[in-house]
Structures are given as structure tokens and as C-alpha cells.
Amino acid sequence: MKNLLFKWLLVTGVLFSFHITDIITVHANEEPLINVSKQWSKTVIQDDLEEDMPDLDGGSENSGRERQQPVDLRILQQRYPDIFFLQGPTDEKRVALTFDDGPDPRFSNDVLDVLKQYNVPATFFVLGSRAVANPEIVKRMQNEGHVIGNHTYAHPNLVEESDLDTLEQEVTRTEDALNGIIGYRTKLFRPPYGFLYNELVEKLRDMNYYVIGWSVDSLDWQEDPPEVIASNVLDIIHPGAIILMHDGAELGGDRTNTIKSLQQIIPTLQEQGYEFVTVPELLNIPFKK
């Protein structure tokens, strides 16, 4: 009887130990599985987003800016002073924030949140292809008091294309798309990479556009830390400045540091007595055709 009881207790103990081991194994593996699942979901969402978002035809700002600029923007401004602008009047402490390459669902809404936080209007030079893909962001820009400009449909290098027909198609297609979203035809144009030459400027003049350059480049497309981007702006700021930044990026690009830099740039300039205005307010020009 004692031997039988001992065997029964031994078998029961072995079975119980197997059960405890299974429970420990399941719980030990459970948290990593959850983390892997979350990471996989974020990756899938990002991949889906990038599949739906048009990329930049001419390549990233980094690769684009490496090419030789055909004509210095200052020379074009001197040649076409009535339609080509790099800055506004310098007798008042007013500046204009401008953003290129959106609307980008990864970053544009966060940029708009910061602008709303500080009650700052800006001018957005949008891509027609991305506006068509994300009309709700363009409408938000308009509804929150920002001005919309034309930045071509697919961000080609217009000088490399060297074709007036390409310019006209890119600009007109974007103008039509924006008119369907915001209800007006913009008069403001900014070329991808800032690349133009005489004939392209003259064609834009014939199409009833103002060409808007910049006098302060944040160089945010280099994706430096936020304090470096802020320093790029604050170190050379001046009355009448048009400040170039980006709310959009190429696929794989990141504008997180741009967003963070705005939290330094805006309050610093406000403390220095600067007023933020839109480009047409700064230049005293119309922005609708």
C-alpha cells in the first residue's frame, strides 16, 4: 500500500511539474510576441502609407541639391524683379515661413499643429500629386489661414527636363488639382530645388505666376538635429526674410526634426519682436488669379 501511494504521488508530481513548465513557457513567450506583433503592424502601416504616397520625380532634396544650380536665384531676381521674389521689405520685422513638398501625411499635420499652437500663418508650396492623394490636409491648411502655392505636380528637376512643355504640364495640372480642392487658382509658384533659368521664368510670367524663392534656408532636408536646423534660421534671420522649410519628404525621408525645430524658431523670433505673415502679405501681392 505504501509503495502504491508513493508511486501515485511521484506520477502526480511529475505531471504537475510539466504543467507548470508549460505555463511558464507560454508567459515567457507572450510579451515578445506582443511586441513583435506591434512592430509588424507599424511596419505594415508605414509600407501601406508609402505605397499610396507619390515620391519626388527628381529625387530627394539631398540628391537634387548636389547638382549644379543653373542660374543663381539672385541673378534671376535681378532680371525679373516684378515677378521673382527672394524676400520682402526690410523696414519691418516681418518674416514668412514657407514649407515645400507636402501634403505629407507623415509630417504635415504635425507641422500644422505647431503653427496652430503659436497662431502662426504660413505658405505651403504643395505637390499636385500629393494634394490629390491627401486633399483633407490641403483643406486643413486653407481652413487654418495658410496660403497654398504651386510646387509642380511630381517634383521634377525642371532644368534637367529642359522643356517648356513639361513646365506647363506640371504647373497646369497642379493648378487644376488645387482649384478643385481649395476653390481658387494660385498665383504663387516655387520650383523644385530652386532650379530655373530665364526661359522657364518667362514661361511662368506668361502663365500669370509669381516665382517665390527664399532668403533663409533652414537646410532641414539634411535632417540635422533640431537645434542645428533652428540655428540655420536664427543665425541669419533678417526683416523681410522668406524662410524655406519642408513639411514633406521623399519616401524614406524624415521631417521629425523640422517639426521639433519649429518649437525653437517660432517662440525665439516672437520674443525678438518678429511677426509671422504669409508670403502674399509680406510682399503685398495677390495670391489668387
Do [X] and [Y] come close enough that some side-chain heavy atom pair is under 4.5 Å?
X    : Y    : result
L269 : Q272 : yes
P54  : L127 : no
L76  : V211 : no
R185 : D176 : yes
I212 : L283 : yes
L196 : F84  : yes
R79  : V201 : no
T258 : D247 : no

Taking all heavy atoms of [X] and all of [Y], pick out the closest pair and write down the distance.
X    : Y    : value
N232 : S218 : ND2-O, 2.9 Å
P239 : K93  : CB-CA, 4.2 Å
R106 : D104 : NH2-OD2, 2.8 Å
T186 : L188 : OG1-N, 3.1 Å
G253 : F107 : O-CZ, 3.6 Å
G213 : I242 : O-CG2, 3.4 Å

Applying the 4.5 Å side-chain criterion to the ILVMFWY set and letting contacts propagate, would [X] and [Y] be lumped into a single cluster?
X    : Y    : value
V71  : W214 : yes
Y184 : Y153 : no
V228 : V216 : no
Y197 : F85  : yes
V132 : V138 : no

Would you say [X]'s side chain and [Y]'s backbone share a donor-acceptor pair under 3.5 angstrom?
X    : Y    : answer
E223 : D254 : yes
S231 : E227 : no
S261 : P226 : no
Q87  : A241 : no
Q142 : I182 : yes
Q263 : V114 : no

Spacing of [X] atom [atom1] and [Y] atom [atom2] [to the nearest 0.5 Å]:
X    : Y    : atom1 : atom2 : answer
L167 : T172 : CG    : OG1   : 8.0 Å
Y209 : N150 : OH    : CG    : 4.0 Å
T123 : L282 : OG1   : CG    : 9.0 Å
L244 : S215 : CG    : OG    : 10.0 Å
H155 : E250 : NE2   : CD    : 9.5 Å
F99  : M245 : CZ    : CE    : 5.5 Å

More than 12 heavy atoms of other residues, nucleotides or ligands under 6.0 Å from [atom1] of [X]: yes or no?
X    : atom1 : value
N284 : CG    : no
R140 : CZ    : yes
N119 : CG    : no

Checklist entry - Salt bridge or not for E175 and K289, using N-O below 4.0 Å? => result yes
Next on the checklist: Does the plane of the ring in F195 sit parallel, tilted or perpendicular to the ring in Y193? Use 30° and 60° as the thresholds.
Outcome noted: tilted
Checklist entry - Does the side chain to side chain contact (heavy atoms under 4.5 Å, CB included) test come out yes or no for I237 and I243, once each step is laid out? => result CA-CA 8 Å; I237 199 66; I243 305 165; 3.7 Å; yes
Item to check | Derivation and outcome, side chain to side chain contact (heavy atoms under 4.5 Å, CB included), residues V233 and Q264 | outcome: CA-CA 10 Å; V233 173; Q264 302 176 41; over 6 Å; no
Item to check | With H146, the ring pair (Phe, Tyr, Trp, His ring centres under 6.0 Å) member among F276, F124, F125 | outcome: F124
Next on the checklist: With side chain to side chain contact (heavy atoms under 4.5 Å, CB included) as the criterion, how do L115 and L97 come out once you've worked through the C-alpha distance, each side chain's angles and the decisive distance to 0.1 Å?
Outcome noted: CA-CA 10 Å; L115 297 176; L97 275 175; 4.0 Å; yes
Checklist entry - Can T256 and D110 be said to form a side chain to side chain contact (heavy atoms under 4.5 Å, CB included), step by step? => result CA-CA 9 Å; T256 302; D110 289 337; over 6 Å; no
Next on the checklist: So, applying side-chain hydrogen bond (donor to acceptor under 3.5 Å, both in side chains) with D101, which one of H151, R255, R130 is it?
Outcome noted: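 The option that passes is H151.
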